[in-house]
Amino acid sequence: MSSANHHTHTRSLFSNKFGYILAAAASAIGLGNLWRFPYLAAKYGGGTFLITYIVLVLTLGFTLSITENSLGRKTGKSAILAFREFGKKYTFIGVLVSVIPMIIFPYYSVIGGWVLKYFATYARGGHASAIEDGFFGSFISSTAEPLIWTAIFLAFVFMVVAFGVNRGIEKSNRVMMPLLLVLLIAISIYGLFLPGAIDGLKYFLIPDFSKFSPALVLAAMGQMFYSLSLAMGILITYGSYLDKKEDLEKSVAQVDMLDTVVSILAGLMIIPAVFAVAGPENLGAGPSLMFITLPKVFNHMGAPDLVGSAFFLLVFFAAATSAISLLETIVSIFCDATKMSRKKALAIIACISVALAVPSSLGYGIWANFKILGMQVLDFMDFISNSLLMPIAAFLTCVFVGWIIGAKAIHDEITLSSRFKTQKTYRIMVKYVAPILVLLILASSMLSAFGLLSL
Ligand code: TRP
């Protein structure tokens with residue numbers, strides 16, 4: 001996706017299926033897999049969460065990803081224009097999905113800033129300070145420092161998108177992504193040898209259905225939307241770049257699978273280590289899990305500074321490629337919809353991002369008392385996007401496809417290049433199961449947010 005392509009509205013097709021899969025996977029694999037998945041799995045019953053998550057990906061997740069990719073490839077357009085192809089009155093669905101990345105991007109960059117801070121700490125040989133009590137807490141609750149790291153992260157991402165060096169990023173992906181996998185596997189294996197880790201492994205892999213709860217399903221579903229980047233226009237855009245000859249069904253399945261494998265590896269890396277070094281009582285630690293537990297694991301290793309810097313560099317890389325793809329989506333939506341220049345769009349988006357990132361960061365410090373529905377700003381933005389807007393957007397997309405244009409429209413697109421083995425289930429999923437499921441989830445998350453239901 002080079003800048004020139006957005007300008008002229010011609011579509012650059014990926015050179016081959018591998019190019020598509022690599023780009024889509026680099027966009028999907030990010031903080032969602034490495035940071036968000038392990039802390040949710042740890043918090044919500046380990047194996048029970050894992051099983052629920054996998055079932056959701058195979059059913060709802062796959063249905064939605066293939067739907068969005070097909071809409072994109074069929075129309076050759078990004079979200080807003082893709083929906084408008086079918087009639088002006090559907091434009092609003094495109095607009096709704098387009099708002100979501102704008103909410104995610106700023107707080108994503110705040111976490112990206114934390115990752116950079118950890119990288120810098122290890123690169124300077126600070127493994128001992130990284131495990132001091134309160135290191136993480138005092139960092140995120142200070143005022144200026146997290147903001148500076150967030151600014152560096154944002155500056156990097158904006159620079160890449162502004163100068164259109166995405167091609168270079170795609171090339172380095174080819175090296176960095178496999179490296180990340182290797183490191184994840186190596187750290188997991190190391191962690192598994194720590195005394196007590198096997199209990200953690202059991203907790204993560206063996207479901208205990210007494211832990212099953214509506215809150216767990218909600219969390220797993222929100223995580224799935226987040227990790228697969230569903231219901232926010234991104235897959236429509238990616239689909240529009242996919243060649244008509246490529247096997248759409250298989251490509252989508254492979255991307256979803258890769259993303260899920262990385263999440264599972266991240267869980268394997270973190271959860272047994274939590275048991276071993278921090279004890280199971282720390283499972284509910286939440287967003288801090290990666291930043292507090294892992295440094296302790298690194299400290300048991302031979303060269304903690306080296307492992308720590310390598311690890312956080314690769315996490316930074318995964319986060320940056322996702323953030324770049326988020327920003328690219330936002331820019332292309334802005335440009336498609338308003339015909340403004342890329343430069344102007346970038347300037348406006350930069351202002352909005354800073355305006356939303358600052359409160360997300362300060363919510364951990366001097367603004368900690370400012371709560372919306374009992375949530376800190378960052379949690380609130382996460383909630384609004386993943387638990388409110390994404391299910392609404394997913395519901396509208398399913399109704400649009402299942403009941404308005406008809407599953408046949410998607411079927412015709414997919415069978416251009418695939419046998420579409422799952423077509424019978426697909427129709428039932430998109431027409432009945434998915435919208436009902438999403439609606440139930442939406443209702444329960446709203447009720448619980450307003451305190452009408454305790455999950
Ligand atoms: N899926 C990404 C992750 O797991 C995060 C993400 C959400 C994203 N929406 C996106 C990335 C849109 C790119 C584009 O970290």
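Order of appearance sets the numbers: ligands from 1, and atoms from 1 within every ligand. Below, all heavy atoms of this structure are taken into account, side chains as well, without hydrogens, waters or symmetry copies.
Residue Asn33 approaches ligand 1 through these ligand atoms, each under 4.0 Å from one of its heavy atoms: 4 (O). Close approach of ligand 1 to Leu31 (heavy-atom distance below 4.0 Å) involves ligand atoms 15 (O). Counting the atoms of ligand 1 from 1 in the order shown, those under 4.0 Å from a heavy atom of Ser325 are 13 (C), 14 (C).
Between the side chains of Thr67 and Tyr426, at least one donor N or O lies within less than 3.5 Å of an accepting N or O. Checked by atom type, the side-chain pair Thr237/Ser78 shows no donor-acceptor distance below 3.5 Å. Side-chain contact, Glu249 with Thr422: a donor N or O sits under 3.5 Å from an acceptor N or O. Tyr108 and Asp382 form no side-chain donor-acceptor contact under 3.5 Å, judged by distance and modelled atom types alone. Judged by distance alone, the side chains of Asp247 and Ser417 never bring a donor and an acceptor atom under 3.5 Å apart.
The residue from Ala24, Ser322, Ala28, Ser227 that puts a heavy atom closest to atom 3 (C) of ligand 1 is Ala28. The closest non-hydrogen atom to atom 9 (N) of ligand 1, taken over Gln223, Arg36, Met232, comes from Met232.
Of the polar atoms of Ile234, none of the N or O atoms is found under 3.5 Å from an N or O of ligand 1, judged by distance alone. Between Asp259 and ligand 1, no pair of N/O atoms sits closer than 3.5 Å.
Not less than 6.0 angstrom separates the ring centroid of Phe119 from the ring centroid of Phe316. Checked against a 6.0 Å centroid threshold, the rings of Trp114 and Tyr364 count as neighbours.
For atom 11 (C) of ligand 1, the nearest non-hydrogen atom of the protein is Ser27 O, 3.3 Å. Given atom 7 (C) of ligand 1, the protein heavy atom at minimum distance is Tyr226 O, 3.4 Å. Closest to atom 8 (C) of ligand 1 among all protein heavy atoms lies Ser229 OG, 3.5 Å.
Between Glu328 and Arg342, at least one side-chain N (NZ, or NE/NH1/NH2) sits under 4.0 Å from a carboxylate O, which counts as a salt bridge.
Assignment of Trp35 to the shell around ligand 1 is not supported, since no heavy atom sits closer than 4.0 Å. In this structure, Leu326 is part of the shell of residues with a heavy atom less than 4.0 angstrom from ligand 1.
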